[in-house]
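Reading through the structure tokens given below for one structure.
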Amino acid sequence: MNSTHQIFRPLIPAACVSFRRLSTSKLLPSPRPKALKHRHLSLQTTQNSKWAVRLSLLDQSPPKSKPKVDVDRLVDFLYEDLVHLFDDQGIDRTAYDERVKFRDPITKHDTITGYLLNISFLKIVFTPKFQLHWVKQTGPYEITTRWTMVMKFIPLPWKPELVFTGTSVMGINPETGKFCSHVDFWDSIKTNDYFSVEGLLDVFKQLRFYKTPDLETPKYEILKRTANYEVRKYSPFIVVEGSVDKLSGSAGFNDVTGYIFGKNSKMEKIPMTTPVFTEASDAEFSKVSIKICLPLEKDISSLPDPNQETIRLKKVEGGTAAVLKFSGKPTEEIVREKEKELRSSLIRDGLKLKNGCLLARYNDPGRTKSFVMVWLL
């Protein structure tokens, strides 16, 4: 399946003019506390833990006697330990009670052994990549983490990529100072209680067949994936750009591709990348440009000058962007419909927006076929 993207600029101070900046402080990493010197924990506390289905599964009411749990140290420990969730080192099981309560929308375990076996299963079947965004105390005996997990389902020939983002609420046993519960909440669903049919459908939805060109593309991190859109943080990249008549148009495509095919001051041929962007810089879509990403290792000072005055090089500073994917050939009517759909979702979720958007297509826009993937940012 071919792919296309459209970009909405989320509103965050400073950085990129090509991405809509979002007020997403809750998505971005919090400052990390001072690192631990030891992986293993030995903490003394007093108070029996109490199972609860919501949040950390632990009674957060103060005990009769003051606890001696160093929660700051546990926060620091998680920053150090969770990065090893899916590597050969693995997490430190001594930080968990043997009877730890693990729940996510489609999985549950009641022992640390079952929890670790589930991690091993995921490593074999999905080859997951885990990114920890922040860790903070959210209750007297509760710590919350925010994370992104990207997995490739190896058994299927097309190896689909599954993306999950969310929070984990971890309860602390005041008697042992160890984690006694771990509850995951996915951003992409509303019903997070086990067993969630909505959660299972979210997994199956991501197993569908699709294909994008095997070409270099701008780097980004997924900060949040909801049911309707993703929030991404893009790294800087360089584009060659020209003018085009409309957001779904391709009139200037040959001019900008001519630059990478050797129509430049050095007659240098530059490797093709993906996607092709068309950007509307105002709400009326009256000013539209077409852009092609250049290889990431290129520096704008070393690139040859364009031969045409209408073509220019530009550095995109990156930034945070909201993204909507959809299928089908992106006509102007469909593009505007999807732009409104994404805008409505972001306003509903309390995100501040600027005017304009970007459409990103992952194949020749003049020959875009059906089942194209488009991202509105």
Min side-chain heavy-atom separation Glu142-Ile172 under 4.5 Å: no
Salt-bridge present (Glu241, Arg312; N to O < 4.0 Å): yes
Side chain to side chain, Lys246 and Val335, heavy atoms closer than 4.5 Å: no
Minimal non-hydrogen separation, Phe237 against Val239, with atom names: CE1-CG1, 3.6 Å
Side chain proximity check, Arg93 to Thr113, heavy atoms < 4.5 angstrom: yes
OG-CZ distance between Ser248 and Phe285, expressed to the nearest 0.5 angstrom: 10.0 Å
Expected output: side-chain Asp305 to main-chain Asn264 donor-acceptor under 3.5 Å: no
Positive for side-chain contact (heavy atoms from CB on, under 4.5 Å) with Phe164, one of Val203, Asp104, Ile189, Asp187: Val203
Over 12 non-hydrogen atoms of neighbours within 6.0 angstrom of CD in Glu297: yes
Stepwise salt bridge (charged side-chain N to carboxylate O under 4.0 Å, His left out) check, Lys340 with Glu337: CA-CA 5 Å; Lys340 291 179 182 177; Glu337 176 187 333; over 6 Å; no
Point-to-point distance, once rounded to the nearest 0.5 Å, from NE2 of His109 to CG of Asn118: 3.5 Å
Shared hydrophobic cluster, Tyr259 / Leu215 (ILVMFWY, side-chain heavy atoms < 4.5 Å): yes
No-hydrogen, no-angle side-chain donor-acceptor test under 3.5 Å, Thr145 and Trp134: no
Near-ring test Phe102/His182, centroid separation under 6.0 angstrom: yes
Thr167 side, atom OG1; Asp184 side, atom CG - distance, nearest 0.5 Å: 7.5 Å
In one Ile/Leu/Val/Met/Phe/Trp/Tyr side-chain cluster, 4.5 Å: Leu117, Met149: no
Side chains of Pro271 and Pro295 in contact at under 4.5 Å (non-hydrogen atoms): yes
Check: Asp97/Asn173 side-chain N/O donor and acceptor closer than 3.5 Å: yes
Ion pair Asp202/Lys205, N-O distance below 4.0 Å: yes
Residue pair Arg225 / Thr165, side-chain donor-acceptor N/O under 3.5 Å: no
Exceeds 12 heavy-atom contacts within 6.0 angstrom, atom CG of Asp299: yes
Close side-chain approach of Leu294 and Val240, heavy atoms under 4.5 Å: yes
Arg343 vs Leu353 side-chain heavy atoms within contact, under 4.5 Å: yes
Main-chain N/O of Val163 paired to Gln206 side chain as donor or acceptor, under 3.5 Å: yes
No-hydrogen, no-angle side-chain donor-acceptor test under 3.5 Å, Tyr229 and Asp349: yes
Stepwise side-chain contact (heavy atoms from CB on, under 4.5 Å) test for Phe277 and Cys293: CA-CA 8 Å; Phe277 289 110; Cys293 302; 3.3 Å; yes
Do any side-chain atoms of residues 123-132 form donor-acceptor pairs under 3.5 angstrom with protein atoms, and if so which ones, sequence neighbours left out?
residue : atom : partner : partner atom : Å
Lys123  : NZ   : Asp87   : O            : 3.2
Gln131  : NE2  : Glu221  : OE1          : 3.0

Within-4.5 Å side-chain heavy-atom neighbours: Val316 and Ile238: no
Derivation of the side-chain contact (heavy atoms from CB on, under 4.5 Å) call for Val256 and Ile311: CA-CA 7 Å; Val256 291; Ile311 302 302; 3.9 Å; yes
Passing candidate, side-chain contact (heavy atoms from CB on, under 4.5 Å) with Arg103, options Asp193, Val169, Asp110: Asp110
Residues Arg99 and Glu175 bridged, charged N to O under 4.0 Å: no
Minimum side-chain heavy-atom gap Pro304-Glu268 below 4.5 Å: yes
Donor-acceptor pair, side chain of Ser188 and main chain of Thr226, under 3.5 angstrom: no
Carboxylate-amine/guanidinium contact Glu339 Arg336, below 4.0 Å: no
Working for side-chain contact (heavy atoms from CB on, under 4.5 Å), residues Thr274 and Glu216: CA-CA 6 Å; Thr274 191; Glu216 189 176 30; over 6 Å; no
